[in-house]
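Each remark here refers to the structure printed beneath this line.
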Amino acid sequence: MWNDDGHIRLTRNRREFIRDAFCGFGGLALASLLGEQGARAASLSPLAAKLPHQAAKAKSVIFLFMAGGPSHIETFDPKPLLNQLDGQPRPKEFGEAKYQFIKGNAKLLGTRRTFKKQGQSGIEVSDLFPHIASCIDDIAVLRSMYGDMVVHSAAQYELFSGRIVPGYPSMGSWVVYGLGAETSSLPAYVVIPDPRGALEAGVPMYKHGFLPAVYQPTLFRPGGKPVLNLDFPEGVTLEQRRRTLRLIRELNQATLDPADEEFNARMNTYDLAFRMQMEAPEVLDLAKEPQETLDLYGIGKEPTNDYGCRCLLARKLVEHGVRFVCVVSGGGPGNMQWDAHNDIEENHLRKAGETDQPVAALLKDLKRRGMLDETLVLWGGEFGRSPEAESGKGRDHHNLGFSMWMAGGGIKGGQVVGATDAIGLRAVEKPYHFRDLHNTILHQLGLDQNKLTYPHLGRNERLTFVEGGLIEEII
């Protein structure tokens, strides 16, 4: 028996014994009813589509992940004063910053890029992005983003999961956990990595963490066959494949433990693989797209062919019900990413040349198909680049203030939100943390950060960790 102080008190007489026993019998009955409800709930697929917590403006997300950290100073945040101070020490009034490689005697580095006002909104965009500039009226540029970490792996974990260590669910897994899947024939959450190699945070940054394994991402392969073995083996008929799948399922169910999430996820994967053999080949076949669409994305020419193919594939995936797609630009050793330590000009000219046309094509393609209104597009990396020079011509990692942008999915485009100081050192006007970005994404999808929780180690965890604000200006 619990007393008012929360401590256990032993039963003292027959009256209390009968009362306590009655409560115990009632508890057994309640447990039985809850068990029946749990059994019924378990019979439903965890990937079944769910209603959002509130009115939603977006149904899916495409994250254009510029891995390595694109420079805000060279892209969407012009800094004339930085050019005037080129080669000089940073003035003390701007404060201090911690870097990974820059030494204390580093000098400021101006940019060789030029900025022009674009679109009816007149937003200044770098000459690195002439194609994206043509879409600027659909884009909300966030010039005051900031994060907590200045090293790649920790910053990438925070960008995807809101934590600086691995083991926590990525935003893609959270979205699928909250909304379920719109299709049973394709994965609900897809990552399309860069073919040039892995990133510092590796696969864990995309993963489901402590969420059930059914919410894990599907990583596509680079190249012309993002998913292998979609065709039936020679001599195998559809009915034979059905019988094989049925046998595997019956064998699995014979020893099924409902609490074994990994085993359940594997069973779901067998089913998904079969359904993908039915429908995915057509979705993944870019050759059937009109030549005009292939040209729009820059497919068939360099340097845009690879990222163009992957952006077009992202459009096709969300068109067929995939909930969250991450298209990575940058992979392998540092300079193969947007990680311009040695030469900012060479690196960013090359990376922008690969991605500018495909990214703009994705926005235009979604818009002309009537899909942009319900597809939220996010562009950015895990941090920006430093105002100071590294190795004479490069820039170091910089987490105190940098740019990202969002479009579609109910986002109010054609505007700039926030600002960094006059040399781009730190966010000074309307600073927004990654958790605010996460909360805004959830909000557009109709998800409430306080309701989208999962019990883990005695705590109801959520994507936004403590509490994420909303970027009110763009919603």
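Sequence positions, counted from 1, serve as the residue numbers for this chain.
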For [Y], is there an ion pair with [X] - N to carboxylate O distance below 4.0 angstrom?
X	Y	result
Glu74	Lys351	no
Arg435	Glu158	no
Glu319	Lys316	no

Taking [X] for its side chain and [Y] for its backbone only, find out whether a donor-acceptor pair lies under 3.5 Å.
X	Y	result
Ser173	Pro169	no
Arg395	Ser386	yes
Thr304	Gly298	yes
Gln449	Gly468	yes
Asn305	Gly300	yes
Asp137	Ser121	yes
Arg350	Asn335	yes
Ser170	Tyr206	yes
Asn439	Gly469	yes
Gln444	Gly409	yes

Going by atom types alone, do Glu388 and Tyr99 pair a side-chain donor with an acceptor below 3.5 Å?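 Judged by distance alone, the side chains do pair up.
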
His341 side chain to Asp339 side chain, donor-acceptor N/O pair below 3.5 angstrom: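 The criterion, which ignores hydrogens and geometry beyond distance, is satisfied for Asp339 and His341.
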
Parallel, tilted or perpendicular for Trp379 and Phe129, by the 30°/60° rule?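 Answer is perpendicular, since the angle exceeds 60°.
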
Is the His398 ring parallel, tilted or perpendicular to the His72 ring (thresholds 30°, 60°)?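 The arrangement is parallel - the two ring planes meet at less than 30°.
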
Compute both the distance and the angle, then confirm whether Lys50 meets the cation-pi test with Tyr177: under 6.0 Å from the six-membered ring centre, within 45 degrees of the axis.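 The answer is yes; both the distance and angle limits are met.
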
Using a cut-off of 6.0 Å, state whether more than 12 heavy atoms not belonging to Lys364 lie near its atom NZ.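 More than 12 within 6.0 Å, yes.
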
Does Ile164, at its CD1 atom, have more than 12 non-hydrogen atoms belonging to other residues, nucleotides or ligands within less than 6.0 Å?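 Counting other residues, nucleotides and ligands, CD1 of Ile164 stays at 12 neighbours or fewer.
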
Contacts of type side-chain hydrogen bond (donor to acceptor under 3.5 Å, both in side chains), residue Arg310, not counting sequence neighbours: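 Residues passing side-chain hydrogen bond (donor to acceptor under 3.5 Å, both in side chains) with Arg310: Asp306.
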
After noting the C-alpha distance and the side-chain angles of Ser60 and Val325, does the key distance pass the side-chain contact (heavy atoms from CB on, under 4.5 Å) rule? CA-CA 8 Å; Ser60 56; Val325 183; over 6 Å; no

Run Leu159 and Met404 through side-chain contact (heavy atoms from CB on, under 4.5 Å) and show every step you take. CA-CA 12 Å; Leu159 170 60; Met404 301 180 79; 4.1 Å; yes

So which atom in [X] and which in [Y] form the shortest heavy-atom distance, rounded to 0.1 Å?
X	Y	value
Asp356	Pro130	OD2-CD, 3.1 Å
Ala188	Val176	CB-CG1, 3.7 Å
Gly394	Leu109	O-CD2, 3.6 Å
Val327	Ala314	CG2-CB, 3.7 Å
Gly381	Phe402	O-CE1, 4.2 Å
Ser144	Gly418	OG-CA, 3.3 Å

To the nearest 0.5 Å, how far apart are [atom1] in [X] and [atom2] in [Y]?
X	Y	atom1	atom2	result
Asp295	Glu289	CG	CD	12.0 Å
Arg315	Asp365	CZ	CG	4.5 Å
Thr440	Tyr432	OG1	OH	7.5 Å
Leu317	Arg323	CG	CZ	13.5 Å
Leu312	Leu296	CG	CG	9.0 Å
Trp174	Leu447	CH2	CG	11.0 Å

Set of side-chain contact (heavy atoms from CB on, under 4.5 Å) partners for Ala201, sequence neighbours left out: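 For Ala201, the residues satisfying side-chain contact (heavy atoms from CB on, under 4.5 Å) (neighbours in sequence not counted) are Ser153, Gln156, Tyr157, Met205.
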
Steps toward ring pair (Phe, Tyr, Trp, His ring centres under 6.0 Å) verdict (Phe324, Tyr189): CA-CA 5 Å; Phe324 195 104; Tyr189 169 24; 5.5 Å; yes

Heavy-atom check, side chain of [X] versus side chain of [Y], under 4.5 Å:
X	Y	answer
Leu186	Thr218	no
Leu425	Thr420	no
Ile73	Arg385	no
Leu400	Phe383	no
Leu64	Ser329	no
Arg368	Thr293	yes
Phe76	Val125	yes
Leu362	Val359	no

Could you walk me through whether Val175 and Leu452 pass the side-chain contact (heavy atoms from CB on, under 4.5 Å) check? CA-CA 9 Å; Val175 168; Leu452 187 68; over 6 Å; no

Test ring pair (Phe, Tyr, Trp, His ring centres under 6.0 Å) applied to Phe65 and Phe160, step by step: CA-CA 10 Å; Phe65 177 35; Phe160 277 86; 5.1 Å; yes

Matching residue for Glu382 among His397, Gln337, His152 - test: side-chain hydrogen bond (donor to acceptor under 3.5 Å, both in side chains):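 Single pass found, and it is His152.
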
Candidate pair Glu345 and Arg113, rule side-chain contact (heavy atoms from CB on, under 4.5 Å), full reasoning: CA-CA 9 Å; Glu345 278 292 295; Arg113 309 277 32 100; 2.5 Å; yes

